[in-house]
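For reference, the structure is listed below as structure tokens.
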Amino acid sequence: IRALFEGYDQMAAPPDPEVRAALEVRQATEGLESLALELTEKAPTIAARTDLKNPARVRRALEKLHGEPQKLDFQLPPFRKVKVGLELSKEILDERILVRTEMMVHNGWVQELKKLRDGGYRPEHPGLRAIGYRSMWKAMEGETDLEEAIATTIAETRSYAKRQRTWLRSEPELTMVSAEDAFEQIRPYLEFEV
């Protein structure tokens, strides 16, 4: 979105797959600390703004250092740009988070996790880092009860929603619109007779 709205000219081409594969092998054999040390020694400024405990971010920073520097060259035609963000009141959002979490559990979240576990997946796999999955995993394994896992998931989701609201406040030229008002404005277009 920012590339479209602000015309970023710093967009990089995709990483070299050979460099990416070599870094993944190094991480597996030498550990993340080795990659973080290399990044710190070769590019201290980049290392200072990189989460050195995050393997994907460390590898990506090193990919940029090791790879051929290529920039994507593109020119967009002029067009009218309007950025709109929808916002809900905190009370409505909190209620929706509660209902959504309970609905996910009711619709088989724990059964989904059992299938993933039986398929060889573990909580440390990237896809299971999503909010709630580790809490539900603990409930599935009997390390905690389901009510506690639901409460933890709701708290984590509310915290994430708060970070999103904070981030949106810093987004340049964003017009916030009440989602409740927007829905009422488009409701006539959504209703039809059968």
Side-chain angles (χ1 to χ4, degrees), residues 1-2 12 14-40 46-64 66 85-171 179-180 183:
I1 290 172
R2 285 186 176 168
D16 180 337
E18 291 178 12
V19 171
R20 175 168 281 184
L23 288 169
E24 288 174 353
V25 168
R26 273 194 52 210
Q27 180 186 335
T29 57
E30 301 172 21
L32 176 61
E33 296 77 19
S34 171
L35 297 180
L37 180 62
E38 178 186 347
L39 182 61
T40 304
I46 294 171
R49 50 178 206 259
T50 301
D51 178 0
L52 298 178
K53 295 186 188 302
N54 184 322
R57 293 188 190 273
V58 172
R59 285 193 314 265
R60 184 67 180 127
L62 286 172
E63 285 171 8
K64 290 178 182 178
H66 290 297
L86 295 177
E87 64 183 341
L88 288 169
S89 69
K90 186 178 178 313
E91 295 75 28
I92 291 175
L93 186 58
D94 285 348
E95 179 64 24
R96 286 191 180 181
I97 289 169
L98 172 76
V99 169
R100 179 177 176 267
T101 304
E102 290 176 348
M103 192 183 297
M104 289 172 71
V105 171
H106 175 76
N107 289 335
W109 198 355
V110 174
Q111 290 78 4
E112 173 193 349
L113 284 172
K114 286 178 182 175
K115 286 181 183 177
L116 289 170
R117 179 190 60 198
D118 294 346
Y121 292 94
R122 297 289 166 255
E124 57 273 6
H125 282 100
L128 295 173
R129 290 187 199 143
I131 292 173
Y133 276 84
R134 291 191 179 177
S135 298
M136 289 299 157
W137 189 285
K138 287 179 180 179
M140 175 186 69
E141 296 292 350
E143 296 174 30
T144 185
D145 62 23
L146 186 59
E147 289 75 26
E148 185 178 336
I150 291 171
T152 300
T153 300
I154 289 168
E156 289 173 354
T157 306
R158 286 177 176 163
S159 175
Y160 183 66
K162 182 178 180 187
R163 290 193 305 274
Q164 288 178 320
R165 286 191 304 270
T166 300
W167 182 82
L168 281 173
R169 281 196 293 273
S170 68
E171 184 65 16
E180 294 96 344
F183 181 74

Tabulate below the donor-acceptor pairs under 3.5 Å that side-chain atoms of residues 118-126 make, not counting sequence neighbours, or state none.
from	atom 1	to	atom 2	distance (Å)
Arg122	NH1	Arg117	O	3.4
His125	ND1	Arg122	N	2.8
His125	ND1	Arg122	O	3.2

Name each donor-acceptor pair under 3.5 Å that joins a side chain in residues 101-116 to protein atoms two or more places apart or in another chain, with its distance.
from	atom 1	to	atom 2	distance (Å)
Thr101	OG1	Ile97	O	2.8
Asn107	ND2	Met103	O	3.3
Glu112	OE2	Tyr133	OH	3.1

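When all heavy atoms of Arg59 and Leu23 are compared, the pair lying nearest together is O-CD1, 3.6 Å. Summarising the geometry of Lys53 relative to Pro55, their closest heavy-atom pair is O-CD, 3.3 Å, with the distance given to 0.1 Å. Residues Ser135 and Ala149 come closest through the heavy atom pair O-CB, 3.4 Å. Across every non-hydrogen atom of Gly132 and Glu156, the tightest pair is N-OE1, 3.5 Å. Here the shortest heavy-atom pairing between Ala61 and Thr50 reads CB-OG1, 4.3 Å. Summarising the geometry of Thr157 relative to Thr153, their closest heavy-atom pair is OG1-O, 2.7 Å, with the distance given to 0.1 Å.
For the pair Thr29 (side chain) and Arg26 (backbone), a donor-acceptor distance under 3.5 Å is present. For the pair Thr40 (side chain) and Ala36 (backbone), a donor-acceptor distance under 3.5 Å is present.
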Open item on the list: Under the criterion side-chain hydrogen bond (donor to acceptor under 3.5 Å, both in side chains), I'd like the reasoning laid out for Arg169 against Thr166: C-alpha separation, chi angles, the key distance, then a yes or no.
Closed with: CA-CA 5 Å; Arg169 281 196 293 273; Thr166 300; 3.3 Å; yes
Open item on the list: The test is side chain to side chain contact (heavy atoms under 4.5 Å, CB included); show your working for Lys64 and Ile46 and say whether it passes.
Closed with: CA-CA 10 Å; Lys64 290 178 182 178; Ile46 294 171; over 6 Å; no
TODO: Please test Lys90 against Asp94 for salt bridge (Lys or Arg N to Asp or Glu O under 4.0 Å), starting from the C-alpha separation and ending with a verdict.
DONE: CA-CA 6 Å; Lys90 186 178 178 313; Asp94 285 348; 2.9 Å; yes
- [ ] Any chance you could lay out the side chain to side chain contact (heavy atoms under 4.5 Å, CB included) test for Glu180 and Ser89, step after step, and finish with the verdict?
- [x] CA-CA 9 Å; Glu180 294 96 344; Ser89 69; 3.8 Å; yes
Task: Worked verdict on Leu128 versus Arg134 for side chain to side chain contact (heavy atoms under 4.5 Å, CB included) - done: CA-CA 7 Å; Leu128 295 173; Arg134 291 191 179 177; 5.6 Å; no
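Considering CG of Leu35 and CG of Leu37, their distance stands at 9.5 Å, rounded to 0.5 Å. Note: Arg57 CZ to Leu39 CG = 13.0 Å, rounded to the nearest 0.5 Å. A distance of 8.0 Å separates CG of Leu52 from CG of Leu32, quoted to the nearest 0.5 Å. In this structure, Glu33 CD and Gln27 CD are separated by 9.0 Å, a value rounded to the nearest 0.5 Å.
Between Glu141 and Lys138, none of the side-chain N atoms (NZ, or NE/NH1/NH2) sits under 4.0 Å from a carboxylate O, so this pair counts as no salt bridge.
You'll find the side chain of Leu168 stays beyond 4.5 Å of the side chain of Glu87, heavy atoms only.
In summary, the side chains of His66 and Glu38 do present a donor paired with an acceptor at a separation below 3.5 Å, with no hydrogens or angles considered.
Residues that satisfy the salt bridge (charged side-chain N to carboxylate O under 4.0 Å, His left out) test with Arg165, not counting sequence neighbours, are absent from this structure.
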